[in-house]
Visitor: 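One structure, pasted below without further comment.
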Amino acid sequence: MIRLEKIDKYFGENRVLSSVDLQLATGNVTALIGPSGSGKSTLLRCVNLLEIPESGSLELGDQRLEFSRERKPLRETVLTIRRRTGMVFQNFQLFPHLTVRQNVMEGLLTVQKWNKERAAARADELLEKVGIAQKADAWPSTLSGGQQQRVAIARALAPSPEVLLCDEPTSALDPGLAAEVVDVLKQLANEGMTMLMATHDLRLAATIARDVVFLKNGVIVESGPSKDVFMTPREAETAQFVSTLTHSLPESWTN
Ligand code: ADP
Ligand code: MG
């Protein structure tokens, strides 16, 4: 279980997250939706402490952290929590000077201090899992966007994180390439991976996520089971936003 309580995040005077509460049950997938600038990326970054909130608390398994302006968390604590999470970015962020396999191995070698053989075996296992084993020795620049994102997913999974955080994982991709990334994420969801993903892609939000959280101006407007939020939203703001999303809802929902 991952629990965020009363999270406030400021950039200067700008309050970007306001008393955000979020619970991610183990094995559950949650989609984070909301207009651009609503704080989705910031919220994801608060879960792995790439951003440190000004107040509130974060609970990750047996670790609990209280935030305050006066007392920054210890670097050690930040690193331990970060190691328990994996992050996938919109623009992949692969290392261009490393091969696909080396990209997946990198964190295992430098952060986890694994030896090369063990790291290479883990990388190959994950590249197989995301369907890209044949590209292990290729340079990232020779891959399609969909392939690069699948490598990024393999890299994020390498240290066996307890939660996978995805920031608009399909939004830089053409529909066909997005579909192959959706397939990989769906497979992970089926295997019980806990995930939180910011997305504008209804295929991701509606078909993979069990729960949806709608964030606007740093405030959670509405959250609940995906089907309820998309089909029978309680709030007018949610209904208005959902109507702007692309693609269509699953057929099984509408008939
Ligand atoms: P979203 O991912 O939903 O588009 P973001 O979390 O990126 O939203 O941004 C939320 C707000 O925080 C925006 O107003 C954005 O300009 C601001 N913001 C994000 N990152 C920073 C930063 N590093 N410094 C200052 N302001 C930021
Ligand atoms: Mg964002």
Side-chain angles (χ1 to χ4, degrees), residues 2 4-24 29-58 67 69 72-73 75 78 81-82 85-94 145-146 148-149 152-153 155-156 163-174 177-178 181-182 185 195-206 208-209 211-224 226 229-230 233 235-247:
I2 294 162
L4 293 150
E5 276 179 337
K6 297 210 167 6
I7 292 289
D8 285 328
K9 176 67 201 166
Y10 288 79
F11 288 115
E13 298 284 285
N14 189 10
R15 191 179 185 184
V16 174
L17 296 174
S18 300
S19 202
V20 168
D21 289 326
L22 186 69
Q23 283 189 29
L24 309 174
V29 180
T30 305
L32 196 52
I33 63 169
S36 178
S38 57
K40 302 182 296 298
S41 298
T42 305
L43 182 54
L44 286 169
R45 293 164 63 84
C46 284
V47 178
N48 72 353
L49 303 181
L50 281 173
E51 299 291 351
I52 309 290
E54 271 68 39
S55 59
S57 65
L58 166 67
F67 303 107
R69 278 183 189 275
K72 294 279 168 241
R75 185 172 161 72
V78 170
I81 289 193
R82 202 169 292 156
T85 66
M87 184 92 159
V88 173
F89 303 91
Q90 177 177 350
N91 56 357
F92 330 130
Q93 301 200 6
L94 297 177
Q148 289 188 53
Q149 192 59 300
I153 293 169
R155 182 179 62 180
V163 58
L164 188 65
L165 307 167
C166 304
D167 196 354
E168 306 206 21
T170 60
S171 54
L173 303 172
D174 292 338
L177 299 180
V181 170
V182 172
L185 292 172
M195 293 195 243
L196 175 61
M197 47 192 183
T199 187
H200 289 291
D201 185 339
L202 261 187
R203 272 176 313 188
L204 266 185
I208 300 183
D211 293 316
V212 172
V213 171
F214 173 49
L215 194 66
K216 191 174 175 191
N217 296 328
V219 176
I220 293 182
V221 175
E222 180 162 355
S223 62
S226 312
V229 175
F230 287 124
E235 304 293 333
E237 282 184 308
T238 315
Q240 200 279 329
F241 179 74
V242 165
S243 72
T244 66
L245 292 173
T246 46
H247 306 297

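Just follow the structure's listing: the first ligand is 1, and inside any ligand the first atom is 1. Everything quoted here is computed from the prediction, not taken from an experiment.
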Visitor: Are any of the N/O atoms on Gly39, whether in the backbone or the side chain, positioned under 3.5 angstrom from an N/O atom of ligand 1?
Guide: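 So ligand 1 has an N or O lying under 3.5 Å from an N or O of Gly39.
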
Visitor: Within a distance under 4.0 Å of any heavy atom of Ser36, pick out the atoms of ligand 1 and give their elements.
Guide: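 Reading through ligand 1 atom by atom, the close ones are 4 (O).
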
Visitor: Distance to 0.1 Å, residue and atom name: give those for the protein heavy atom nearest to atom 7 (O) of ligand 1.
Guide: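 I find the closest protein heavy atom is Ser41 CB, 3.8 Å.
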
Visitor: Taking atom CE of Met197 and atom CG of Leu32, what is their separation to the nearest 0.5 Å?
Guide: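 CG of Leu32 is found 10.5 Å from CE of Met197.
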
Visitor: Is the His200 ring parallel, tilted or perpendicular to the Phe241 ring (thresholds 30°, 60°)?
Guide: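 Geometry flag for Phe241 against His200: tilted rings.
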
Visitor: Could you tell me, atom by atom, which parts of ligand 1 come under 4.0 Å of a heavy atom of Ser38?
Guide: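 Counting atoms of ligand 1 from 1, those under 4.0 Å from Ser38 are 1 (P), 3 (O), 8 (O).
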
Visitor: Could you tell me whether Arg15 and Asp8 make a salt bridge, using a distance below 4.0 angstrom between a side-chain N and a carboxylate O?
Guide: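 Looking at Arg15 and Asp8, the cut-off is met.
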
Visitor: Might you point out which heavy atoms bring Pro169 and Leu204 nearest each other, and give the distance in Å?
Guide: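 Between these two residues, the closest heavy atoms are CG-CD1, 3.8 Å.
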
Visitor: Should Val181 and Ile153 count as side-chain neighbours, where that means a heavy-atom distance under 4.5 Å?
Guide: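 With C-beta onward as the side chain, the pair touches.
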
Visitor: Using 0.5 Å steps for rounding, measure from the CD atom of Gln148 to the CG atom of Leu173.
Guide: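 Going from the CD atom of Gln148 to the CG atom of Leu173 covers 9.0 Å.
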
Visitor: Quick one: look up the protein heavy atom nearest atom 24 (N) of ligand 1 and list residue, atom name and how far away it is.
Guide: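 The closest one turns out to be Phe11 CD2, 3.5 Å.
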
Visitor: Among all protein heavy atoms, pick the one closest to atom 11 (C) of ligand 1 and tell me residue, atom and distance.
Guide: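 Here the nearest protein heavy atom works out to Val16 CG1, 3.5 Å.
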
Visitor: Before giving the answer on side-chain contact (heavy atoms from CB on, under 4.5 Å), spell out for Glu168 and Thr199 the whole-Å C-alpha distance, their side-chain angles and the decisive distance to 0.1 Å.
Guide: CA-CA 5 Å; Glu168 306 206 21; Thr199 187; 5.6 Å; no

Visitor: Which of the atoms of ligand 1 are close to Pro35, meaning less than 4.0 Å from one of its heavy atoms?
Guide: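 That gives atoms 3 (O) of ligand 1.
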
Visitor: If you measure every N or O of Gly37 against every N or O of ligand 1, does any of those distances drop under 3.5 Å?
Guide: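 Yes; at least one N/O pair falls below 3.5 Å.
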
Visitor: Is ligand 1 under 4.0 Å from a heavy atom in the side chain of Thr42, in the backbone, in both, or in neither?
Guide: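 Contact part for Thr42 vs ligand 1: both backbone and side chain.
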
Visitor: Just wondering, do Ser55 and Lys6 contact through their side chains at under 4.5 Å, heavy atoms?
Guide: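 A side-chain contact is absent here, since even the closest heavy-atom pair is not under 4.5 Å.
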
Visitor: What distance separates Asn48 CG from Leu58 CG, expressed to the nearest 0.5 Å?
Guide: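 Answer rounded to 0.5 Å: 9.5 Å.
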
Visitor: Looking at Lys72, I want to see if its NZ is surrounded by more than 12 non-hydrogen atoms of other residues, nucleotides or ligands under 6.0 Å.
Guide: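 Atom NZ in Lys72 is packed in, count exceeds 12.
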
Visitor: Ignoring hydrogens, tell whether any protein atom lies closer than 4.0 Å to atom 26 (N) of ligand 1; use the non-hydrogen atoms only.
Guide: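 At least one protein heavy atom is under 4.0 Å away.
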
Visitor: Ignoring hydrogens, tell whether any protein atom lies closer than 4.0 Å to atom 15 (C) of ligand 1; use the non-hydrogen atoms only.
Guide: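 Looking at atom 15 (C) of ligand 1, one finds that no protein heavy atom lies closer than 4.0 Å.
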
Visitor: Considering only heavy atoms, does Ala198 approach ligand 1 within less than 4.0 Å through its side chain, its backbone, both, or neither?
Guide: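 Looking at Ala198 and ligand 1, no heavy atom falls under 4.0 Å.
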
Visitor: What's the count of protein N, O or S atoms under 2.8 Å from the Mg ion (ligand 2)?
Guide: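 Near the Mg ion (ligand 2), the number of protein N, O or S atoms below 2.8 Å is 1.
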
Visitor: Could you check whether any side-chain heavy atom of Val242 comes within less than 4.5 Å of a side-chain heavy atom of Phe214, counting everything from C-beta outward?
Guide: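 No, their side chains stay 4.5 Å or more apart.
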
